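The structure appears below as structure tokens.
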2 protein chains.
Amino acid sequence: MMKKVIQKKITMMKKVMSKSNLKLIAVLERTGGFASAQELHQILRREGDGIGLTTVYRALQSLVDDKIVDLLRREDGEAIYRLCGETHHHHLVCKSCGDTVEIEGGAIEKWAKTMAEEFGYRDVGHTAEIFGLCSKC
Amino acid sequence: MMKKVIQKKITMMKKVMSKSNLKLIAVLERTGGFASAQELHQILRREGDGIGLTTVYRALQSLVDDKIVDLLRREDGEAIYRLCGETHHHHLVCKSCGDTVEIEGGAIEKWAKTMAEEFGYRDVGHTAEIFGLCSKC
DNA sequence: GCATAAATGGAAATGATTTTCATTTTCATC
DNA sequence: GATGAAAATGAAAATCATTTCCATTTATGC
Ligand SMILES: [Zn+2]
Ligand SMILES: [Zn+2]
Ligand SMILES: [Zn+2]
Ligand SMILES: [Zn+2]
């Protein structure tokens with residue numbers, strides 16, 4: 001079932017979504033979390049959908065523009081996408097084994113907000129990740 | 001003149017640096033701030049150095065491995081490099097005009113440290129950037 | 001139905017980064 | 001100074017995500 005936040009945004013949008021956009025939202029909803037355009041395309045293909053890679057990129061771009069999807073970057077620079085509206089959190093990643101812990105970012109949120117206000121920036125988002133070696137490595 | 005911190009690190013390194021590594025450190029020192037591999041290559045070429053692009057990539061990779069250079073990402077995913085040892089700071093970047101403000105990250109440092117301790121991670125670093133629209137845009 | 005605009009997808013183009021591989025340089029040893 | 005192994009180098013080719021082109025299909029208003 002579609003998340004409330006997203007549903008609301010979609011409803012608020014004047015324009016009706018294209019079929020592709022809705023498909024992408026559905027996959028992102030189903031998989032939860034981050035995925036690259038290529039991965040999302042593969043998933044859809046595996047499920048029998050003949051959607052083209054170009055369309056996947058286009059749909060994701062449009063969803064990002066409409067603030068329905070967040071765009072982030074993997075460490076290698078590849079773009080990854082996730083639905084907005086999920087609980088916002090950050091990551092603690094092990095440089096060696098890749099183990100990842102989702103962590104609260106209350107302090108970050110406050111920091112970002114404060115800084116944005118101080119310098120007159122609006123409509124701000126932020127990225128914040130911690131990299132290190134986990135206890136096992 | 002080479003920054004103290006870097007000089008120290010270089011001295012501490014058992015192995016002697018390759019000529020290319022030293023060249024890259026010199027350019028990064030001279031230009032200060034961030035630059036992509038391609039940009040650094042162009043700068044060197046412009047200055048008459050016939051260094052190959054491959055070597056630039058290799059040198060940067062090796063410097064990153066040795067913690068002498070930091071690797072970050074532009075918004076489009078392109079890798080950018082800078083010398084470590086500069087005063088640690090974060091960025092407030094305008095999504096529209098690209099204007100950048102360097103900001104203090106005291107809160108972040110504390111947050112990263114706290115989280116790392118809580119989950120038993122050591123040798124941690126972090127990334128944290130804020131993106132938004134500046135007052136002019 | 002018809003005309004027009006929007007959506008779609010395959011193929012080709014782009015552009016950063018990596019890989020391959022033959023050549024050159026460095027360096028220790030004789 | 002010669003010599004051979006190991007490290008460094010760079011040109012060209014390969015990768016791979018992403019974008020651009022363009023022809024075809026689909027949706028929409030009349
Ligand atoms: Zn680990
Ligand atoms: Zn946050
Ligand atoms: Zn601006
Ligand atoms: Zn910091």
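Chain letters run A, B, ... following the sequence lines, proteins first, then strands; residues in each count from 1. None of the values given here were measured: they were computed from a predicted structure.
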Sequence-aligned protein contact record of nucleotides 8-18 of chain C, with B where the base is within under 4.0 Å of a protein heavy atom and S where only the sugar-phosphate is:
BBBB----SBB

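- Rounding to whole angstrom units, CE of residue A:M17 and P of D:dA27 are separated by 17 Å.
- Applying the salt bridge (charged side-chain N to carboxylate O under 4.0 Å, His left out) rule to B:R46 yields no partners; only residues at least two apart in sequence or on another chain are considered.
- In this structure A:V101 satisfies the side-chain contact (heavy atoms from CB on, under 4.5 Å) test together with A:L92, A:I103, B:F119, B:Y121, sequence neighbours excluded.
- The list of salt bridge (Lys or Arg N to Asp or Glu O under 4.0 Å) pairs with a residue in residues 51-62 of chain B, not counting sequence neighbours, is empty.
- The ring-ring contact (aromatic ring centres under 6.0 Å, His included) pairs that include a residue from residues 22-56 of chain B are B:F34-B:H91, where partners are two or more places apart or lie in different chains.
- Partners of A:E39 according to the side-chain contact (heavy atoms from CB on, under 4.5 Å) rule, which considers only residues two or more places apart in sequence or in another chain, are A:A35, A:S36, A:R74.
- With rounding to whole Å, A:R74 atom CZ is found 13 Å from D:dC16 atom C1'.
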